[in-house]
Amino acid sequence: MKNISITSTFTVYDSVDELSDDVKVLMERAVTVRKTSYAPYSRFHVGAALLLDNDEVVVGANQENAAYPSGLCAERVAVFYAGAVHPKAKILKMAITAASEEKIVEDPIPPCGACRQSIAEYEMKQDVPIEIYFMGETGKIYKSDSLKNLLPMVFESKHL
């Protein structure tokens with residue numbers, strides 16, 4: 001028997017003002033689209049914006065449904081839209097922001113497990129890491145250099 005240690009490293013920014021100009025614009029787009037989310041049940045609004053290698057920015061907002069499993073998170077809305085409309089483009093950066101109607105969200109909100117797996121599929125397909133920036137409504141922003149940092153033991157097609 002042996003133990004395996006897996007470490008994740010994040011860059012932490014104290015505010016949006018510390019981000020590079022391109023990421024700041026991306027986060028602003030995520031905040032804007034977050035306000036269009038359809039979240040009548042959770043009242044938790046999420047926006048995601050992707051920068052593609054063709055300089056296009058694709059956005060997505062969470063879409064809930066009374067049959068809960070039928071809804072879709074903002075990250076997957078954006079990733080799947082990018083895959084459908086820009087199938088040859090690579091996703092370079094992703095910005096995610098979340099806000100609640102119940103309280104101020106100050107903690108950075110990372111992608112859920114299903115979104116991590118979906119992002120992983122695209123990162124593996126394009127063989128280029130995706131920088132992921134995530135925040136709450138306000139406060140610190142975390143940056144992961146790759147999805148593999150968020151999901152280090154990723155399930156991929158080679159396992160099938």
Asks: Minimum heavy-atom separation for A120 to L147, with atom names?
Replies: CB-CD1, 3.4 Å

Asks: Please tabulate, one pair per line, all N/O donor-acceptor pairs under 3.5 Å involving side-chain atoms of residues 108-116, not counting sequence neighbours.
Replies:
{"unit_1": "R116", "atom_1": "NE", "unit_2": "P111", "atom_2": "O", "d": "2.7"}
{"unit_1": "R116", "atom_1": "NH1", "unit_2": "L150", "atom_2": "O", "d": "2.9"}
{"unit_1": "R116", "atom_1": "NH2", "unit_2": "P111", "atom_2": "O", "d": "3.2"}

Asks: For T97 and G136, indicate whether the former's side chain and the latter's backbone hold a donor-acceptor pair under 3.5 Å.
Replies: yes

Asks: Distance-only, no hydrogens or angles: does the N62 side chain make a donor-acceptor pair with backbone N or O of V46 under 3.5 Å?
Replies: yes

Asks: Output yes when a side-chain donor or acceptor of S144 lies under 3.5 Å from a complementary backbone atom of F10, and no otherwise.
Replies: no

Asks: Show me the pairs that pass salt bridge (Lys or Arg N to Asp or Glu O under 4.0 Å) and involve residues 117-129, at least two apart or across chains.
Replies: none

Asks: Do V31 and I132 land in one hydrophobic cluster if side-chain heavy atoms of ILVMFWY residues count as linked below 4.5 Å?
Replies: no

Asks: Would you list the pairs meeting salt bridge (Lys or Arg N to Asp or Glu O under 4.0 Å) in which at least one residue belongs to residues 102-115, sequence neighbours left out?
Replies: R43-E102

Asks: Would you mind listing every ring pair (Phe, Tyr, Trp, His ring centres under 6.0 Å) that reaches into residues 46-78, with sequence neighbours excluded?
Replies: Y41-Y68

Asks: With sequence neighbours left out, write down each residue that passes side chain to side chain donor-acceptor pair (under 3.5 Å) with S42, or none if nothing qualifies.
Replies: E64

Asks: Atom CZ in F155, atom CG in L160: separation rounded to 0.5 Å?
Replies: 4.5 Å

Asks: Counting only heavy atoms not in K24 (residues, nucleotides, ligands), do more than 12 fall under 6.0 Å from its NZ?
Replies: yes

Asks: Keeping to residues at least two apart or across chains, list the salt bridge (Lys or Arg N to Asp or Glu O under 4.0 Å) pairs with something in residues 134-146.
Replies: D14-K140, K143-D145

Asks: Using modelled atom types and a 3.5 Å cut-off, is there a donor and acceptor pairing between side-chain atoms of Q126 and backbone atoms of V128?
Replies: yes

Asks: Among pairs that include at least one residue of residues 42-67, which meet ring pair (Phe, Tyr, Trp, His ring centres under 6.0 Å), considering only residues two or more places apart or in two chains?
Replies: none

Asks: With clusters built from Ile, Leu, Val, Met, Phe, Trp and Tyr whose side-chain heavy atoms come within less than 4.5 Å, directly or transitively, what are the remaining members of the cluster of V23, listed by chain and number?
Replies: Y13, V16, L19, M27, Y133, M135, I141

Asks: Where is the tightest heavy-atom contact between P129 and S146, given as atom of each residue plus distance?
Replies: CB-CB, 3.9 Å

Asks: Quick one: hydrophobic cluster around L51, which other residues, with the 4.5 Å side-chain cut-off, linked directly or via members?
Replies: L26, V33, V57, V59

Asks: Could you identify which residues cluster with M1, counting Ile, Leu, Val, Met, Phe, Trp and Tyr as linked when any side-chain heavy atoms lie under 4.5 Å apart, either directly or through a chain of such contacts?
Replies: none

Asks: Which pairs pass side chain to side chain donor-acceptor pair (under 3.5 Å) with one or both residues in residues 69-81, sequence neighbours excluded?
Replies: none

Asks: According to the side chain to side chain donor-acceptor pair (under 3.5 Å) rule, which pairs have a member within residues 83-96, sequence neighbours left out?
Replies: D22-K93, N54-H86

